[in-house]
Amino acid sequence: MTPQTLILESHGPVALIRLNRPEALNALNAQVLTELIAALAAFQTDEAVRAVVLTGSQKAFAAGADVKEMQALDFATIYKGDFLSGWAEVAGFRKPIIAAVAGFALGGGCELAMMCDMIFADTSAKFGQPEISLGIIPGMGGTQRLIRAVGKAKAMDLVLTGRMMDAEEAERAGLVARILPPESLIDEALKAAAKIASFSQPAVLMAKEAVASAAELSLNEGLHLERRLFQSLFATQDQKEGMAAFIEKRKATFTDR
Ligand code: DAK
């Protein structure tokens, strides 16, 4: 079914997802969640899609979970229904996904960006976890992923005061990988995604898995996993091809085998 809250575009091997609820600054309601999970599930199995870029509008990546949808909910309802737990599936997406952020990335919007593998921001981007001003706390990873990205001092500052940080501060703090001018944000994100898509997919997937697991594992466990993944890539034809191409001074032709 055609999604109502997303615009999906195909750019060769890269799928571009635009959050599209302009009337609510892309606030994340149940429909966005359902449609985004369905789109990612389809991209997961679609061999033609090798990387994804997730973006919003010029004004907002996403201004958070939908406050108007949440306001009347009571504890029993959200607890029994495990409200918003489906967002974890975004973090479980196996192919590389880049968040291209312009404007507001607040609350669940900031948390959604942090579920992606890296964040490219344009100069208008503003990140924050303003939930405290609504009488709640972050619930989609804001207290856990933010501290891993920016450290305790800044995470506490953002979560306890609800203030926003601009793109430059977010880059300095380690939340943002690249800052770009507004006119080239999407192009640069697509270009980076296409570059990733040009490599051997088993290597790309293992690279993502290894880096992502660093947040979950002890150093020794992480090093062990990295070593085993590294060793296993020597079972691929692409390792032979990549190294042969280097030695023969030509471009590698990867087959994902
Ligand atoms: N929800 C619903 N509508 C929103 C919205 C939001 N988060 N953010 C903006 N809108 C709507 C506004 O209500 C307005 O609609 P109308 O009044 O025109 O009908 C329209 O978008 C334009 O917004 P503004 O008129 O406010 O635009 P401004 O440029 O003046 O201000 C702003 C932009 C982003 C500073 C402002 O809209 C704002 O402060 N928005 C709310 C930001 C916020 O508090 N975000 C955090 C939401 S709480 C959970 C997991 C996660 C969460 C919850 C539970 N569980 C696992 C249980 C997450 C919670 C959140 O994210």
Side-chain angles (χ1 to χ4, degrees), residues 3-7 17-37 40 54-93 97 99-116 119 121-150 154-170 175-176 182 185 215-216:
Q4 305 299 304
T5 63
L6 310 175
I7 297 171
I17 304 175
R18 294 181 190 270
L19 301 171
N20 186 38
R21 288 191 73 213
E23 71 287 0
L25 301 184
N26 292 329
L28 306 168
N29 63 7
Q31 189 180 2
V32 178
L33 171 60
T34 305
E35 293 183 346
L36 186 58
I37 287 173
L40 290 177
L54 176 64
T55 195
S57 68
Q58 194 53 53
K59 178 147 191 210
F61 177 75
D66 192 315
V67 179
K68 292 168 189 167
E69 188 181 69
M70 276 189 300
Q71 195 258 340
L73 296 175
D74 59 37
F75 167 74
T77 308
I78 65 167
Y79 181 67
K80 284 191 297 178
D82 208 4
F83 182 62
L84 294 182
S85 60
W87 285 104
E89 289 187 36
V90 178
F93 185 62
I97 177 165
V101 175
F104 299 108
L106 302 178
C110 184
E111 293 166 310
L112 175 59
M114 289 192 289
M115 287 178 201
C116 298
I119 301 175
D122 84 11
T123 45
S124 72
K126 287 193 166 36
F127 298 87
Q129 299 289 161
E131 288 89 341
I132 200 78
S133 67
L134 299 171
I136 57 171
I137 67 168
M140 275 163 53
T143 67
Q144 303 301 303
R145 290 197 177 92
L146 190 61
I147 189 172
R148 286 166 165 84
V150 305
K154 218 169 263 292
M156 281 290 190
D157 181 4
L158 293 168
V159 169
L160 291 179
T161 71
R163 79 170 175 90
M164 296 183 209
M165 70 178 164
D166 64 18
E168 279 196 15
E169 183 181 359
L175 181 65
V176 160
L185 174 70
E216 315 283 343

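All ligand and atom numbering here is 1-based and tracks the order in the structure. Both backbone and side-chain heavy atoms feed into the values below; hydrogens, waters and symmetry mates do not.
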Within the protein, is there a heavy atom lying under 4.0 Å from [atom]?
{"atom": "atom 10 (N) of ligand 1", "result": "yes"}
{"atom": "atom 26 (O) of ligand 1", "result": "no"}
{"atom": "atom 38 (C) of ligand 1", "result": "no"}
{"atom": "atom 4 (C) of ligand 1", "result": "yes"}

Does CD in Q71 sit with more than 12 non-hydrogen atoms of other residues, nucleotides or ligands closer than 6.0 Å?
no
Pull out every atom of ligand 1 sitting under 4.0 Å from any heavy atom of [X], numbered as shown with elements.
{"X": "E131", "result": "48 (S), 59 (C), 60 (C), 61 (O)"}
{"X": "G108", "result": "60 (C), 61 (O)"}
{"X": "F104", "result": "33 (C), 34 (C), 35 (C)"}
{"X": "P130", "result": "43 (C), 44 (O), 45 (N), 46 (C)"}
{"X": "L106", "result": "34 (C), 42 (C)"}
{"X": "F83", "result": "55 (N), 56 (C), 57 (C)"}

Check Q129 against M114 and note the closest heavy-atom contact, atom names and distance.
OE1-CE, 3.7 Å
Exercise: identify the closest heavy-atom pair between T161 and I132:
C-CG2, 4.2 Å
Below 4.5 Å, heavy atoms only, C-beta onward: do [X] and [Y] meet side chain to side chain?
{"X": "F104", "Y": "N26", "result": "no"}
{"X": "F127", "Y": "V176", "result": "yes"}
{"X": "I97", "Y": "L40", "result": "yes"}
{"X": "F83", "Y": "M70", "result": "yes"}
{"X": "F61", "Y": "D122", "result": "no"}
{"X": "L175", "Y": "K154", "result": "no"}
{"X": "L19", "Y": "L112", "result": "yes"}

Could you check [atom] against the protein and tell me its nearest heavy-atom contact, residue, atom and distance included?
{"atom": "atom 48 (S) of ligand 1", "value": "L134 CD1, 3.5 Å"}
{"atom": "atom 1 (N) of ligand 1", "value": "V67 N, 2.9 Å"}
{"atom": "atom 54 (C) of ligand 1", "value": "L84 CD1, 3.3 Å"}
{"atom": "atom 24 (P) of ligand 1", "value": "L25 CD1, 4.5 Å"}
{"atom": "atom 2 (C) of ligand 1", "value": "D66 OD1, 3.4 Å"}
{"atom": "atom 15 (O) of ligand 1", "value": "K68 NZ, 3.3 Å"}

Do Q31 and T5 get their side chains close enough for a donor-acceptor pair, meaning under 3.5 Å?
no
For M70, is at least one N or O under 3.5 Å away from an N or O on ligand 1?
no
Regarding ligand 1, does S85 bring an N or O atom to under 3.5 Å of one of the ligand's N or O atoms?
no
Dump the intermediate steps for side-chain contact (heavy atoms from CB on, under 4.5 Å) on R145 and E111, then the final yes or no.
CA-CA 8 Å; R145 290 197 177 92; E111 293 166 310; 6.0 Å; no
Quick test of your reading of the structure: of [options], whose heavy atom lies closest to [atom]?
{"atom": "atom 47 (C) of ligand 1", "options": "G107, G162, A65", "answer": "A65"}
{"atom": "atom 45 (N) of ligand 1", "options": "G81, G128, G64, A63", "answer": "A63"}
{"atom": "atom 29 (O) of ligand 1", "options": "K59, E111, E23", "answer": "K59"}

